[in-house]
Structure formats: C-alpha cells, structure tokens
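One structure below.
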Amino acid sequence: MSRICNFYAGPATLPLPVLNQIQEEIVDYMGMGLSLIETSHRSKEYNNVHNEAISHIKELLKVPDNYKILFLGGGATLQFSMVPLNLLNGESCDFTLTGTWAKKAYSDAKKVGKVNVVFDGSGSNYTKLPDIASLKVNPDSVYLHITSNETIHGIQWQEFPDAGNVPIISDMSSDIMSRSLPIEKFGLIYAGAQKNLGPAGVTLVIIRDNLLSRCPDTLTAYLNYNTHVEKNSLYNTPPVFSIYALNLALQWIKKQGGLKAMEELAERKSSMLYNAIDESNGYYSCPVDRSCRSRMNVVFRLPNEELEKKFSEEATKQGMIGLKGHQSVGGCRASIYNAMPEEGVSKLVNFMKDFASRNK
Ligand SMILES: *Cc1c(COP(=O)(O)O)cnc(C)c1O
C-alpha cells in the first residue's frame, strides 16, 4: 500500500500515526474486547478519552480557566446560527465579509438580529483583508465576527484586530491548531474538525464563560450553549469516533512540538509554494494580496483554464490529489494543513516546475 499526497480542503489528510493507531485499536480497544465506538458514552474508557481531548486543547492553545471547551454536532455551519441565537438577544453585532464562509455566517446571523458590516471584501474579489488598525468596531456591538482563514479564497488574518471591549468571535475551521492564539481577545472560537483537527462529525467550540448568561432560556435544549456546558458536552450522545480520533490527532501535535512546531511547519510549507509561484516568471500567479496569504490553503492560477485542468489531472496521475480550486472560484488550490508532510509539498513544488517547463 502506498499513501498518496492529499491536498483536499476537507475532509483532509490525517497524520499517518493517527490512522495506524485507529486501525490497531478499532476491533479491540485496550483489551476491552470491543471497540471504543461500540462502548457507552457514559463508560469510564470513553470518558477518559473525552476529557483527555479537552485537556489537550486547553494545554495546546493555553486556554484560560474562564473558557469552556465544547464538542458539538452540526459542523461549523450550525455555529453560524447558534452564535447569534445565543448571543445577540435583541442587540447587534459586527461582521467582516471576507469570503464565502464569512458570507454564510452573515446570512444566518442576519435572520436572527441586526448585523453591521464593518468590512466588505467583495470589491477586491475577496483577495484582501482589512487593515486591522483602521477597522472600526461599534463599541455597542455584542461581538465582532471574523473568519480567521477563508478556505476557498486562500486568505488568512495574520494578526487579530483590537476590538476594545467587544469580544471577537472567529470561525477557525481551517486554521485552528496551526498557530498559537491570543485567546483573551476572543469571546468564542468555533471550528469544524475535518480540516485541521480530525475527521468530520465534531465541532470544537471555545466560549468565554461571561457570555453564557446571554443565552436565552427560550432556546431549545441542543441549541443552547448552557446545556452543553452543564453536561460537559455529554447532554446527548457525542460523536464518539470523531472525538476519539481528534484526541489522537492532538496527541500527535503535542509530540511534534505543539503549536510552535505547527506554526513553523506551516510557514516553511507555505513559503515553499509561494516562492515557487513568485519565481515562475508569471506562469503561476496568486491572486491574494501578499499581506494576507493563507498558510493553510494556497490558491494559484495557471495561464489558462485548460492548463489548470491539465495540471490537476497530471498531478493526480503522479499521486497528488485535490488540487482543483473550489468550483465557485476556479483555479488551483493546495490545502496544506498540519498533517501534510513537508515532503508532500516538495513533491508538488517539483511537479509545478516540471509542468511549467513542459507546457509553455
Ligand atoms: C469547511 C468550512 C466550514 C463549514 O464546515 P462544516 O463543518 O461543513 O459545517 C465553515 N467555515 C470554514 C472556514 C470552513 O473552512
């Protein structure tokens, strides 16, 4: 068996040691004679995994004690509605419209309450982010929503704005655990697991406890954050397989040297690709402003669409899949999350050079 290089945007590549350990344990988990995913979510064995995953998150991200860690269902998409349903409570919030994902979150928030748009990137086709110094946040807003990495447009906030007393809420689905974070600036962080954390099915939510008093009692049980805080995310059956795999992925990150190592790795891998693009004499081009190029999703164009198609087809034949850009924007995209090894990126860079020389 040989593993290919997987550049899919999500669900995405997982660390091989994580997959191997799952394979080893799937039939008989630690001598129990059954697998963890066939066990009650109230069992000691499952609870250890659940709580271990929470501690790893706290440790890796240095989460202060006044924040709660939740594992929810419904993807990042459910958070587009849970955040405003729980926190707006008749007041207004601020949004930065930076790409497809921010717009989806905005569209749901607007159905719940009043939303002020404080940045709209549509004029630049979502290739730029606001200058953080000039971003004007309404001091009366309950929160400022940002999308730390726009997976489709390949743009990433390098630094986070200073929103004064207004907490920032961020969708971090595609760059969580790729760098350390100033957690205190955030009121809530959410991330679907299937890009940089583990398999699909679990969504990580980190919420500051002083926001919990805003959640209306009129909300149905599952939709209310308080329900999950009170039950340590065990109100109903959690996605046990996804949390088990997430726990293994977090152990793997710790073993690699934590978020500092992940950040350096992301810097090296993305630089290799951006250098290959910038040094190609215009054969490859990156539409994104240099100030906000993503270290997770590198988007690029070739001279024409025909060559882009040929590029991804030939790459697939050479064992590199998932390089076609999102259908809504076209072009090419290499998603290089934590689990993508440097060798995978070197292989892609060599292929890019070779392809350009053969297809002038
Ligand atoms: C993939 C993605 C989502 C959607 O996640 P689901 O888990 O499919 O709901 C939301 N936001 C960002 C930034 C994403 O990359």
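Because only heavy atoms are used, hydrogens play no part in the values below, and waters and symmetry mates are left out as well, while side chains stay in. Just follow the structure's listing: the first ligand is 1, and inside any ligand the first atom is 1.
Closest to atom 9 (O) of ligand 1, if we only count protein heavy atoms, is Thr77 OG1, 2.5 Å. Scanning all protein heavy atoms for the shortest distance to atom 11 (N) of ligand 1 gives Asp171 OD2, 2.6 Å. For atom 5 (O) of ligand 1, the closest non-hydrogen atom of the protein is Ala76 CB, 3.6 Å.
Using cut-offs of 30° and 60° on the angle between ring planes, the pair His145 and Tyr190 is tilted. Aromatic ring orientation, Phe186 versus Phe160: perpendicular (interplanar angle above 60°, classes split at 30° and 60°). Ring planes of Phe351 and Phe355: tilted class, angle from 30 to 60°.
For the pair Gln194 and ligand 1, the shortest N or O to N or O distance falls below 3.5 Å. For ligand 1, the polar-atom distance check finds no N/O of Gly75 at less than 3.5 Å from any of the ligand's N/O atoms.
For Lys58, the NZ atom counts as loosely surrounded, since its 6.0 Å shell holds 12 or fewer non-hydrogen atoms of other residues, nucleotides or ligands.
Neither the backbone nor the side chain of Leu78 comes within contact range of ligand 1; no heavy atom lies under 4.0 Å. At a heavy-atom distance under 4.0 Å, no atom of Tyr190 approaches ligand 1. Residue-level proximity to ligand 1 for Thr151 is carried by the side chain, the only part with a heavy atom below 4.0 angstrom.
For the pair Lys185 and Trp157, the NZ or CZ position fails the cation-pi test of under 6.0 Å to the six-membered ring centre and within 45 degrees of the ring normal.
For atom 1 (C) of ligand 1, the nearest non-hydrogen atom from the set Gln79, Lys195, Glu150 comes from Lys195.
Interface atoms of ligand 1 facing Phe80, defined by a heavy-atom separation under 4.0 Å, are 10 (C).
Salt bridge status for Glu313 with Lys309: present, with a side-chain N to carboxylate O gap under 4.0 Å. Salt bridge Asp120/Lys103: absent, no basic N to carboxylate O contact under 4.0 Å.
Using a non-hydrogen distance threshold of 4.0 Å, Asn149 registers as a contact of ligand 1.
In summary, the aromatic rings of Tyr244 and His50 are positioned with their centroids too far apart to meet the 6.0 Å limit.
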